[in-house]
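What's counted below: heavy atoms across the whole structure, side chains too, no hydrogens, waters or symmetry copies. Quick caveat: nothing in here was measured; it's all calculated off a predicted structure.
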Amino acid sequence: MKWYIFVLFFSSQILNAQSHISKLEELFKAKNYKEIRKSYYSKTEAYSSLSSIDKFYLGYSLFLEGEILNPVIILSQLGDDKSLKPSFRKRAKKTCDKINRQGIIGLRSYQNGNIKLKNGQYKSAKKDFEDVSRVDSMFLFNYYKLLYIARKQKNLQEFNSYASKIKKCLPISEEVLVQASKLQFDITQSCKDAIFELKELKDVNPPLYYRTSAMFYEKKDSFNQALRCLHLIDVKNRRDDFKKRVGELYHNAGKYKISNDYLIPFFKENKEKHVAKLLAMNFYNLGNYQSAIKLCDFLIKNDNKHHYAYYLKGLSVKSNMTGILYRNPENLIAEKWFKKAIAIDSTVQRYYNSLATVIHNFQREDEALEMIEKSLQLDSLNIETWDVAMVVLMDQSKKERALGKRMINAYEKAFKQDSSNANYSFGLAKGYQLASEGLFSKYSIPYDNKSIYYLKKAIKLYPHNFDFYKELNLM
């Protein structure tokens, strides 16, 4: 065991009498390599705070445990680290050279797999990560990737197989518990079932337990429950982005003023683009259009391809008007920003809908109809587009009747194919309501009962949508 004598000899030179002997060094001296590896995988965030000598012990321990990729990653960083004694650097380089050939092959497959995973190419990425496993069967981060792919593909058998391999090294793996809960949620869409899978995590890592639970509640639009989870995290364990997460949840819950109380302090410290976007939306919804415009300008300055910033600026300019709505000069400026948003991303319906509304204000009906047609080409079942179309065609009875029939036919066809879709049912309710009000013909048609029937069906299918209840009250 010459390598061991070598490490012990130089460790006495590097660590003086007053220095604190790190946990990793103690474990290394006791030859408890498995515990070192366990410590490394369970607390990967702490890796960056390790000293160079700790990283040296860690790399060697993983290498002696039979790993290849992790030691290559860690020890290769130490070869040129001048804070280490030359002998340690030389030893680190020599070890890397020894395993480099095999390690590089594995690293290349691992990097390729990550790129494919990012692009959603799960099947191809899986092959790359399986190649990595053949090179280094103990590279746990690789199994985490395979675990993630199995979850995305909802392959329970493979998921359990990879989870068991990880648990051999880590009896309680936080990553496995989180991924298992996500898989449970994907299959059952139940917050209760998903959070049950996290039960072991509550004692091991309470902040992660509450953050993950909050995520499930947010997906089901249970924003109050999600906020309750986040507020259960101890103040000392709250991450830097705590204000951001709470602000996001209040934004999604429609509590824009409270959302700003959390997001503004975070934005002042970090100047994050995503937070700027949320704040701009908050200010717009609160009627503070000047502040919304300023934040949109900030987004555009940092990213001149930020199509949503152009769109929101257009909305804010259009809403920040005084006096008469029609033919207001501000509308001309709004038109400019909507067109810029469409030029960058021509696949967003709301951009066409807003542009059609502005153009209609100037009585350029043919241009407005052209925008509506482009919007319907993207999705013929978009309620917002049909609403705009009815406004544009208010005084053109023949075109209005034709468009009205198209609306009802489109939703009837979609509803026959999928009667469990609440939006299709709501679309039919809106179509029949417009017909009953006489917007599709010279005289009103008694479709009130049909409209209410489909609206109640929509509410039954998706009881959390308040727009459905609002429409029912209007009827």
Between [X] and [Y], does any side-chain N to carboxylate O distance fall below 4.0 Å?
X      : Y      : value
Arg151 : Asp186 : yes
Lys127 : Glu130 : no
Glu218 : Arg245 : yes

Quick check for you: to the nearest 0.5 Å, what is the distance between [X] atom [atom1] and [Y] atom [atom2]?
X      : Y      : atom1 : atom2 : result
Leu249 : Leu230 : CG    : CG    : 5.5 Å
Asn302 : Lys273 : CG    : NZ    : 6.5 Å
Lys126 : Leu117 : NZ    : CG    : 13.0 Å
Tyr210 : Arg238 : OH    : CZ    : 12.0 Å
Asn288 : Lys294 : CG    : NZ    : 8.5 Å
Gln225 : Ile195 : CD    : CD1   : 8.0 Å

Within the distance-only criterion (no hydrogens, no angle test), does the side chain of [X] pair as donor or acceptor with the backbone N or O of [Y] below 3.5 angstrom?
X      : Y      : result
Tyr352 : Ser346 : yes
Asn285 : Met281 : yes
Ser161 : Gln157 : no
Asn119 : Ile115 : yes
Ser316 : Leu312 : yes
Tyr310 : Asn304 : yes
Asp345 : Ala341 : no
Ser380 : Leu376 : no

Atom of [X], atom of [Y] and distance for their closest heavy-atom approach:
X      : Y      : value
Glu248 : Leu263 : N-CD2, 4.2 Å
Tyr308 : Lys277 : CD2-CE, 3.6 Å
Ile344 : Lys305 : CG2-O, 3.4 Å
Ile300 : Ala309 : CG1-CB, 3.8 Å
Ser375 : Asn353 : OG-OD1, 3.0 Å
Ala194 : Ser181 : O-CB, 3.1 Å

Mark yes when over 12 heavy atoms from residues, nucleotides or ligands other than Lys202 sit less than 6.0 Å from its NZ; otherwise mark no. no

Evaluate whether atom OH of Tyr122 has more than 12 neighbouring non-hydrogen atoms of other residues, nucleotides or ligands under 6.0 angstrom away. yes

Would you mind reporting whether [Y] and [X] have side-chain heavy atoms less than 4.5 Å apart?
X      : Y      : value
Arg211 : Asp241 : no
Thr212 : Leu198 : yes
Tyr351 : Trp337 : no
Asn270 : Lys244 : no

Check against ring-ring contact (aromatic ring centres under 6.0 Å, His included), Phe283 and Tyr289: CA-CA 6 Å; Phe283 282 124; Tyr289 304 120; over 10 Å; no

Quick one: sort the Phe338 and Tyr311 rings into parallel, tilted or perpendicular, breaks at 30° and 60°. tilted

Name the orientation class of the two ring planes belonging to Phe242 and His231 (parallel below 30°, tilted from 30 to 60°, perpendicular beyond 60°). perpendicular

Does the Lys NZ or Arg CZ of Lys182 fall within the cation-pi geometry relative to Phe185 - under 6.0 Å from the ring centre and within 45° of the axis? no

Can you confirm if the NZ or CZ of Lys219 lies within 45° of the ring axis of Tyr217 and under 6.0 Å from the centre of its six-membered ring? no

Show your working on side-chain contact (heavy atoms from CB on, under 4.5 Å) between Phe216 and Cys229 and close with a plain yes or no. CA-CA 10 Å; Phe216 294 131; Cys229 287; over 6 Å; no

Please check if any side-chain donor atom of Asn260 sits under 3.5 Å from a side-chain acceptor atom of Asn282, or the reverse. yes

Aromatic ring centroids of Tyr162 and Phe129 under 6.0 Å? no

Which of Leu177, Leu201, Ile233 passes side-chain contact (heavy atoms from CB on, under 4.5 Å) with Leu208? It is Leu201

